[in-house]
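For the single chain, residues carry numbers from 1 onward in sequence order.
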Amino acid sequence: LPKPPSSEAEWRQAASLAVAYGTADMALRRRARMSEGETVLITAAAGGVGLAAVQIAAQAGCNVIAATGSPEKAEVALAAAGLEEGGYVIDLGCGDAAILRAAAMRYGCRGLGLDIDDGALADAARAIEADGVGELVSVRRGDLNEFDLACEIDHADAPVVVTCYLLPATLRELRPQ
């Protein structure tokens, strides 16, 4: 049996877990009636409720789109998704492909990166080669407005996690008019 919290701070931490997971469970299972095979967008995916939502959605067999504020936070969300060998990660705005390379090296996942910056794609290709994950990870030039994410997810034949770290200017472009 787990040891009960021994200090006031530990009790507060334990209580916050119940709130985060309770909130995520209520939102995804009860309100949204999430079911296996659906695609779930989780914003602030590296925060308390976001991490809980990523875990609940992944355990339910959903494809998870984890939106975070930085590549480091995206890696936290990947860990929460419970990635396993054979999983598939799509990184929109992949930059140097750090998230994809980490997923390949840590979890044995396949990955696809999309970016519009040719310099970033060249950096990504060099880093992928240096890390020896070229058989698992690929990057390509592409515009988010033209990329068929649903088709890519449908053809993955594996659980999919999509990460998305976009600059504020890009987010403004994607905002509905």
Side-chain angles (χ1 to χ4, degrees), residues 24 27-29 32-46 50-51 53-68 70-71 73-167 170-171 173-176:
L28 295 173
R29 290 196 174 127
R33 294 189 178 102
M34 167 192 73
S35 60
E36 184 176 353
E38 289 185 317
T39 299
V40 179
L41 168 65
I42 301 167
T43 58
L51 284 172
V54 167
Q55 289 178 339
I56 290 169
Q59 288 172 354
C62 294
N63 298 307
V64 176
I65 300 176
T68 63
S70 71
K73 289 180 181 179
E75 288 191 41
V76 171
L78 286 180
L83 285 174
E84 296 177 358
E85 190 167 343
Y88 192 55
V89 178
I90 301 171
D91 188 10
L92 305 175
C94 68
D96 67 357
I99 294 165
L100 298 169
R101 292 182 289 118
M105 291 185 293
R106 290 184 189 139
Y107 309 109
C109 293
R110 294 176 297 126
L112 169 65
L114 188 74
D115 211 305
I116 59 170
D117 182 333
D118 290 329
L121 290 169
D123 291 344
R126 283 190 293 275
I128 289 166
E129 184 178 332
D131 287 346
V133 293
E135 290 184 17
L136 294 173
V137 177
S138 65
V139 293
R140 69 179 184 224
R141 188 176 212 302
D143 187 323
L144 289 175
N145 296 313
E146 298 168 7
F147 181 64
D148 190 347
L149 181 60
C151 180
E152 195 67 41
I153 289 172
D154 287 344
H155 289 95
D157 294 327
V160 177
V161 174
V162 179
T163 59
C164 180
Y165 170 63
L166 303 174
L167 296 172
T170 306
L171 291 173
E173 285 180 30
L174 294 174
R175 187 175 294 140

> Does R140 reach the side chain of F147, with side-chain heavy atoms less than 4.5 Å apart?
Replying inline: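 R140 vs F147: side chains touch.
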Quick one: side-chain hydrogen bond (donor to acceptor under 3.5 Å, both in side chains) partners of [X], sequence neighbours excluded?
| X | value |
| --- | --- |
| R101 | D131 |
| Y107 | none |
| D143 | N145 |
| D96 | none |

I need the minimum non-hydrogen distance between [X] and [Y], along with the two atoms involved.
| X | Y | result |
| --- | --- | --- |
| V139 | A97 | CG1-CB, 4.1 Å |
| L51 | A80 | CD2-CB, 3.5 Å |
| A53 | L28 | O-CD1, 3.6 Å |
| V137 | A104 | CG2-CB, 3.7 Å |

Quick one: side-chain contact (heavy atoms from CB on, under 4.5 Å) partners of [X], sequence neighbours excluded?
| X | answer |
| --- | --- |
| E84 | none |
| A45 | I42, V54, A66, T68, A77 |
| T39 | N63, I65, I153 |
| A60 | M34, C62 |

>> I need the L136 CG to L100 CG distance, nearest 0.5 Å.
In response: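 Output value for this atom pair is 10.5 Å.
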> Can you tell me how far the OG1 atom of T163 sits from the CG atom of L92, to the nearest 0.5 Å?
Replying inline: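 Answer rounded to 0.5 Å: 7.0 Å.
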Donor-acceptor pairs under 3.5 Å, side chain of residues 122-130 to any protein atom, not counting sequence neighbours: which ones?
from: D123; atom 1: OD1; to: R126; atom 2: NH2; distance (Å): 2.4

> Listed by chain and number, what are the salt bridge (charged side-chain N to carboxylate O under 4.0 Å, His left out) partners of D118, not counting sequence neighbours?
Replying inline: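 Only R141 meet the salt bridge (charged side-chain N to carboxylate O under 4.0 Å, His left out) criterion with D118.
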> Tell me, which pairs form a salt bridge (charged side-chain N to carboxylate O under 4.0 Å, His left out) where one or both residues lie in residues 154-163, sequence neighbours left out?
Replying inline: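 Every pair satisfying salt bridge (charged side-chain N to carboxylate O under 4.0 Å, His left out) with a residue in residues 154-163: there are none.
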Donor-acceptor pairs under 3.5 angstrom involving side-chain atoms of residues 109-116: please list them, not counting sequence neighbours.
from: R110; atom 1: NH2; to: A156; atom 2: O; distance (Å): 2.9
from: D115; atom 1: OD1; to: D117; atom 2: N; distance (Å): 3.1
from: D115; atom 1: OD2; to: C94; atom 2: N; distance (Å): 3.4
from: D115; atom 1: OD2; to: G95; atom 2: N; distance (Å): 2.7

